[in-house]
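What you see is a predicted model; the values in this text were computed from it and never measured. Just so we're on the same page: letters track the sequence lines, and every chain starts at 1.
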Amino acid sequence: MGGAVIAYDTETTGLNVHRDEVFAYSICEADSSAATVYPEVYRLDGSAVRRYTSRVKLEDIWKEGKAPKVMHKSKFDLPMTERVLGRSLKEQPFHDTMIQSHLIRSNHPSHALKDLAWELAGIPKDDEDAIKKFLKGKKGDRNYSMVPEPIMTEYQERDALRTILLHHFFYPQIKSDPKMLEVYNNELDLIRTSIDIERRGMMLNPQRCHTLINSTERAALGVLDDIEQYAGRRINPDSPNDLHWLLFQKAGLPITRYTKTGKPCTEKEVLFDLRREFGHHVIESVLKFRSWSKAVTTMRSYLKLMDADHIIHPTLNTCEADTGRESCSNPNLQNVPKMGVLLNPYAVPVRSLFMPRPGHVIFYIDFSGIEFRLAVYYSRDQTLINLVRSGGDPHALAAEIFFGDQFRNERDPAIKKTMRNAAKNMNFAIIYGAGVATIAAGLNLPVSVVMARYQEYKRRLPGLAALSERMTKLAQAQGYVETVFGRRLYVPRGQAFVATNYLIQGTAADILKRAQVRVDKYLKAATGGEVAILLPIHDELVIEYPRKRMADVQEVLRSSVELMQDFPEIDVPLDAEMQVAAANWESKSPFKLTA
DNA sequence: GTCATCGGCGCG
DNA sequence: AAAGCGCGCCGATGAC
């Protein structure tokens, strides 16, 4: 028996959770049979309410002890409602049909309410069309609160109905599978932490941001001048036409690769190859311009998105990615450029713009090599399991296999490191189904040589070498792979070879999502929220820590790391490392717990 | 003017 | 037959 629930949907003046406001809401109550349901529509100002004046009703809906509310994208409706009510709803039970949809069919083309309700219940989308049509005729600032009463009411009624129907379609499927229910419940907890993370946001240094924008822009313009000197006319390197002319006509460089639509490829790897062979200064200029102009627009967007307190509030998407990962947008703080990346020689120190709030430092806890460890776990390769358990280095082992005595006898640590790095790339290539040709290219060795050494690799590490094919076949047969935690990841049709990647990325996502919930709960209980998560980044938690609590730091971080690593389901150890930044995100230094 | 697509690139 | 993957965001481009 499902028990009674109330579908709940807000209408707002915009999509910004921190700024825009609720002006209307609708509900739809239903018991477990859901035999007859009547949507009810309300307006906050009481002007167009059907049955009640609104404020009383909204309070009533969210009174303690009422039935759980079902929302579609609760991460939007919950904080919006909290702002209207002026109180926290964190103890309130709820459901989310978007999460349900995502768990049941991770690769569905759309988890949008209207699309799902049309597909599963045949509810037409013309209510939404009517709103769009109305707003299209309006000029200037437009939002849903301007939509006339009959159109809006129809829309609200249908959304409440849609939500309750989806819940009654999806939730029984989830509840019938204990592991899937556990994944679902963690996703609901994750909504709570994500709301708090978005609300807290990250602090930007606006002065530094302006300065860096100016200097970087000057440098980029200087590069344009250099190119003009050489080319005899102004060139826009972002324009394919201009760039193709510059590289392949004027400079006479050869076209080494084409894009899928048959145009000359000018991506960085191609430019690196051309640079190595011809060393033409115009290549350098293009690389510089791209990196610097992109950094400028990125930094400008930060200034636009920053609030009056210099805080950037990104959006965390917890159920968008096909692999179960979280993503981040407006802005994406999970891909902020950093210094010291080999393939990015002209990097701009954008991370240095992010800083701890006054009186705080930032800690970073990241899983080291989690993807490879999970590959080892799923492969059941006994050699590698034992090696990882005993603290050995699987990538050095791969280097020995691929480079043999050449690696073993190498005395120069720099060269040795390069070889290990190549072998590490190979380990991943093999896990994720690369062919011998790709591997040979990555190792810079003849295909014939790699062929022989790959045979040896398969003999020494049979489990790992077989993982990709095993998962690919499984995905081909059933359409999905399932993580150890019970998350099903549907693999794109005709692309079964991505199965291993989905499995491993999805498992890492399960782990970080659970870790995030645990650490968040712990930090709230142990520090009253003074220590808080700033951001999840796939295998890492960023944590802001007040200096005045430094007396606690050992205990708090030790507990956090322990919570992150406590996964008895995975029988290879999950190592985590810590770093600390006092000034900004760029200047991190290692942090060790005392013994 | 608006929209979708592409190539390109940052992070993991 | 062969293939590492995921995400979000940008400017350019061409169709409507």
Practice item. Classify every nucleotide of nucleotides 6-12 of chain B by which part a protein heavy atom approaches to under 4.0 Å, writing B for the base, S for the sugar-phosphate alone and - for neither, in 5'-to-3' order. Key: SSSBBSB

Point to revise | A:Tyr502 side-chain N/O to C:dC5 phosphate OP1/OP2 under 4.0 Å | key: no

Practice item. Quick one: closest heavy-atom pair of A:Ile504 and A:Tyr378, and the distance? Key: CG1-CD1, 4.4 Å

Check your understanding: To the nearest angstrom, how far is A:Asn236 atom CG from C:dC10 atom P?
Key -> 17 Å

Practice item. Give one of base, sugar-phosphate or nothing for A:Thr438, where a contact means two heavy atoms less than 4.0 Å apart. Key: sugar-phosphate

Point to revise | Spacing between A:Glu320 atom CD and C:dG8 atom P, to the nearest angstrom | key: 6 Å

Exercise for review: Answer yes or no for A:Arg233 and A:Trp245: cation-pi contact, defined as NZ/CZ to six-membered ring centre under 6.0 Å and angle to ring axis within 45°.
Suggested key: yes

Check your understanding: Expressed in angstrom and rounded to an integer, what is the separation of A:Arg487 atom CZ from C:dG6 atom P?
Key -> 16 Å

Check your understanding: Do you see a donor-acceptor pair shorter than 3.5 Å between the side chains of A:Arg208 and A:Ser352?
Key -> yes

Study note, to complete from the structure: Encoded 5' to 3' (Watson-Crick or G-U under 3.5 Å; [ ] crossing; | other strand), DNA chain C becomes ....||||||||||||

Practice item. Round to a whole Å and report the spacing from CD of A:Glu326 to P of C:dG8. Key: 12 Å

Point to revise | cation_pi(A:Arg518, A:Phe567) dist<6.0 Å, angle<=45 | key: yes

Exercise for review: Indicate whether any N or O donor in one side chain lies under 3.5 Å from an N or O acceptor in the other, for A:Asp273 and A:Thr256.
Suggested key: no

Review point. A:Ala434 near the nucleic acid: base, sugar-phosphate alone, or nothing, with a heavy-atom cut-off under 4.0 Å?
Key: sugar-phosphate

Check your understanding: Starting at CG of A:Asn107 and ending at P of C:dG6, how long is that distance when rounded to a whole Å?
Key -> 12 Å

Check your understanding: When you measure from the centre of the six-membered ring of A:Tyr258, is the NZ or CZ of A:Lys263 under 6.0 Å away and within 45° of the axis?
Key -> no

Exercise for review: Start with the C-alpha distance between A:Lys288 and A:Glu284, add both sets of side-chain angles, then the distance that settles salt bridge (Lys or Arg N to Asp or Glu O under 4.0 Å), and finish with yes or no.
Suggested key: CA-CA 6 Å; A:Lys288 283 179 188 168; A:Glu284 219 62 40; over 6 Å; no

Review point. Does a donor on one side chain sit under 3.5 Å from an acceptor on the other, for A:Gln516 and A:Thr193?
Key: yes

Check your understanding: Taking the inter-plane angle between the rings of A:Tyr480 and A:Tyr490 on a 0 to 90° scale, is it parallel (under 30°), tilted (30 to 60°) or perpendicular (over 60°)?
Key -> tilted

Practice item. Could you tell me the separation between the CG atom of A:Asn344 and the CZ atom of A:Arg290, rounded to the nearest 0.5 Å? Key: 12.5 Å

Review point. If we ignore angles and hydrogens, is there a donor and acceptor under 3.5 Å between the side chains of A:Asp322 and A:Ser106?
Key: no

Practice item. Can you tell me the distance, in whole Å, between the CD atom of A:Glu469 and the P atom of C:dA1? Key: 13 Å

Practice item. Measure from CZ on A:Phe372 to C1' on C:dC5 and round the result to the nearest Å. Key: 16 Å

Practice item. Send over the distance from A:Ile430 CD1 to C:dG4 C1', rounded to a whole Å. Key: 11 Å

Point to revise | Under-4.0 Å salt bridge between A:Arg200 and A:Glu544 | key: yes

Give every pair of a protein N or O atom and an N or O atom of nucleotides 13-16 of chain C that lie under 3.5 Å apart, one pair per line with the distance.
from	atom 1	to	atom 2	distance (Å)
C:dT13	OP1	A:Ser239	OG	3.0

Check your understanding: Across the strands shown, which category fits A:Asp322 at heavy-atom distances under 4.0 angstrom: base, sugar-phosphate, nothing?
Key -> sugar-phosphate

